[in-house]
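These notes concern the structure reproduced below.
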Amino acid sequence: MNKMIKAQKGTKDILPVDAEQWQNLEFKALEVFSNAGFQEIRTPIFEATELFARGVGDTTDIVNKEMYTFEKSERSLTLRPENTAGVVRAYIENGMHRLSTPVKLWYKGPMFRYERPQAGRQRQFHQVGVEMFGIKEPAADAEVILLAVNYLKSIGLKDLDVEINSLGCPVCREAFRDNLRKVLKPELKNLCPDCQKRYETNPLRILDCKVKECKNILQKPEIQKIITSDYICEECREHFNDVQKYLDALNVKYKRNKLLVRGLDYYNRTVFEITSNNLGSQNAVCGGGRYDSLVKNLGGEDTPAVGWAMGMERLISLLPEVKSKKIKAYVVSNFTIEALKLTEELRSHGIITEFDMTNKKFTKQLEKASKVADFALILGEDELKNDSVSFKDLAGSKQETISRNEVFSRLN
RNA sequence: GCGGGUGUCGCCAAGGGGUUAAGGCCUCGGAUUGUGGUUCCGAUAUACAUGGGUUCGAAUCCCAUCAUCCGCCCCA
């Protein structure tokens, strides 16, 4: 035998047994998002590397160490690690700011990140997500969060935890960042190496460091004072309060998590995450927030936006397994032409039908039928003479001979 | 990039140095000759991740590599 070629590390085949689950997730997405006025957009799987560097942010891990980048004709291209940047690019490039506001889009598809695979993490994985452009008001944040909750409900996931926070705007966040740096400076040497880097690149991320020493340092009163202070400015606070007011009115349960800091640079104001306790350490099924400056940063009109993405593999791992549907009817006959014709006729009536193509012995065909189908339709010499069919319920042992026409009503 | 666990047929597995490496499931073939789901027989024509080493002898002990899983980082 030749050497086996295997699926690459961190990639998986989605086999027929799983396909039904995937189809259901996709179908429900179409249904729920359309209902809320979101339209599907499909963007390319690879884009100019620069799009992600500028869009996602060049201090992020995603851009720094996780991108699948390759050169072709002296262009640097990258397999998309997420889809917000791509959707924003398409929004700008296609002049979608001229469409009536808001522009509401959703997408699904594979994303690629070069990381060590583990539970709930693959190198090729799938996300479903929504983006809404053109609305700066907090109602947009609330609608988008509600949509996430509704989608999860529609696929059968309830009781997940919604956490929200506000990162403030560039102005107030910068002030907070400076304060944080100031108060952390004396402890800089005692922070873990990662946090020492974060101190430079994104000090907010130090807040959710899991290293014990860092956690202890953060407990110091003078540091706590900064962390717990409501640093965001008046306008940002009002925005955030409204978001919460709307969510309350919509009966969306959430927790405020002051340490929630998302890893992508483009977020401002509202950020949120939806997590589950049943996922191991990769516990987020949904992450998102507002990104009011991204469209402008990527060369478009200044356009506020808010959106989220969910990891489809993680959703599926939370869902109970489904048994695949059985074949409805199995035609048992040694008259191949007649079996073919009856099968085709049943299928044209929308009945899932198979017949035995190998023309095996009667008992063998019936044995097969009992394994894969609900009903056997026996078409032998006698039945052919009378233009009838023997209709056998394979769950029990009832069998009766009925006319051809009756078959369809029995099976519907 | 860093830590830890695990690799025996398509799947689940037993065996922890000694002649043909159990068993179960699935699949396929056969027996019961127009009646299946039970039973019985048989097959899957060289399955111990790979490469070294120790040994008279290795699936079993050692080393390396690879794969996979779990955790860190980060994210969905």
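Below, chains carry the letters A, B, ... as their sequence lines are ordered, and counting in each starts from 1. In this text, all values refer to a predicted model and were calculated from it rather than measured experimentally.
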Throw together a table of side-chain donor-acceptor distances under 3.5 angstrom for residues 13-31 of chain A, partners on residues two or more places apart or in other chains.
from, atom 1, to, atom 2, distance (Å)
A:Q21, NE2, A:P320, O, 2.9

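- Nucleic acid contact for A:A309: sugar-phosphate only, since backbone atoms but no base atoms lie under 4.0 Å from a heavy atom of the residue.
- Applying the ring pair (Phe, Tyr, Trp, His ring centres under 6.0 Å) rule to A:H239 yields no partners; only residues at least two apart in sequence or on another chain are considered.
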Subject >> Working for side-chain contact (heavy atoms from CB on, under 4.5 Å), residues A:T401 and A:F391 >> reply: CA-CA 6 Å; A:T401 304; A:F391 185 89; over 6 Å; no
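- Across B:rC48 and B:rA13, the matching C1' atoms stand 13 Å from one another, rounded to whole Å.
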Original post:
Does the pair A:W106 and A:F33 meet the rule for a ring pair (Phe, Tyr, Trp, His ring centres under 6.0 Å), with working shown?
Top reply: CA-CA 7 Å; A:W106 74 273; A:F33 301 155; 5.4 Å; yes
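- Residue A:K364 is classed as a base contact, given a heavy-atom separation below 4.0 Å to a base.
- Contact annotation for A:G129: no contact, since no heavy-atom pair falls under 4.0 Å across all strands.
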Contacts under 3.5 Å, N or O only, protein and nucleotides 34-36 of chain B:
from, atom 1, to, atom 2, distance (Å)
B:rG34, O6, A:E381, N, 2.6
B:rG34, O6, A:D382, N, 3.2
B:rG34, O6, A:E383, OE1, 3.4
B:rG34, N1, A:E383, OE1, 2.9
B:rG34, N1, A:E383, OE2, 3.3
B:rG34, N2, A:E383, OE2, 2.8
B:rU35, O2, A:K392, NZ, 3.1
B:rU35, O2, A:Q399, OE1, 3.2
B:rU35, N3, A:Q399, OE1, 2.8
B:rU35, N3, A:Q399, NE2, 3.2
B:rU35, O4, A:Q399, NE2, 2.8
B:rG36, O2', A:S370, OG, 3.1
B:rG36, O6, A:G396, O, 2.9
B:rG36, N1, A:L394, O, 3.2
B:rG36, N1, A:G396, O, 3.2
B:rG36, N2, A:L394, O, 2.4

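- Legend: residues meeting side-chain hydrogen bond (donor to acceptor under 3.5 Å, both in side chains) with A:N268, ordered by chain and number and at least two apart, are A:D292.
- A:E137 is linked by a side-chain hydrogen bond (donor to acceptor under 3.5 Å, both in side chains) to nothing, counting only residues two or more places apart in sequence or in another chain.
- Here the separation of B:rU54 from B:rA45, taken at their C1' atoms, is 35 Å to the nearest Å.
- Rounded to the nearest Å, the gap between the P atom of B:rC25 and that of B:rU68 is 31 Å.
- OP1 and OP2 of B:rC70 both lie 4.0 Å or more from every side-chain N or O belonging to A:Q118.
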Short heteroatom pairs, N/O only, protein and nucleotides 39-41 of chain B, under 3.5 Å:
none

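- Between A:Y291 and A:Y267, the ring planes lie perpendicular to each other; the angle is over 60°, past the 30° to 60° tilted range.
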Contact list (N/O, under 3.5 angstrom) for nucleotides 1-4 of chain B vs protein:
from, atom 1, to, atom 2, distance (Å)
B:rC2, N4, A:R116, NH1, 3.2

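- Comparing the C1' positions of B:rA59 and B:rU46 gives a spacing of 15 Å, expressed to the nearest Å.
- For A:T11 and A:Q122, the side-chain atoms include no donor-acceptor pair closer than 3.5 Å.
- In this structure, A:Y68 and A:Y114 have perpendicular ring planes: the angle between them is above 60°, well past the 30° mark.
- With sequence neighbours excluded, no residue forms a side-chain hydrogen bond (donor to acceptor under 3.5 Å, both in side chains) with A:R116.
- The gap from the C1' atom of B:rC40 to that of B:rU60 amounts to 36 Å, rounded to the nearest Å.
- Within residues 77-89 of chain A, no residue places a heavy atom under 4.0 Å from RNA chain B.
- Going from the C1' atom of B:rC9 to that of B:rG23 covers 13 Å, rounded to whole Å.
- Sorted by first and then second residue, the side-chain hydrogen bond (donor to acceptor under 3.5 Å, both in side chains) pairs with a member in residues 249-259 of chain A read A:E163-A:N257, A:D248-A:Y254; sequence neighbours excluded.
- For B:rG29, one of the phosphate oxygens OP1 or OP2 lies less than 4.0 angstrom from a side-chain nitrogen or oxygen of A:K360.
- Take the nearest nucleotide of RNA chain B for A:Y267 and for A:G10: the residue whose nucleotide is more 5' is A:G10.
- With sequence neighbours excluded, the residues forming a side-chain contact (heavy atoms from CB on, under 4.5 Å) with A:T69 are A:T49, A:M67, A:S76, A:T78, listed by chain and number.
- Checking A:D356 against A:Y330 by side-chain atom types alone, a donor-acceptor pair falls below 3.5 Å.
- Annotated as anti: B:rG36, whose O4'-C1'-N torsion sits more than 90° from 0.
- In this structure, the side-chain hydrogen bond (donor to acceptor under 3.5 Å, both in side chains) partners of A:E367, at least two apart in sequence or on a different chain, are A:K364.
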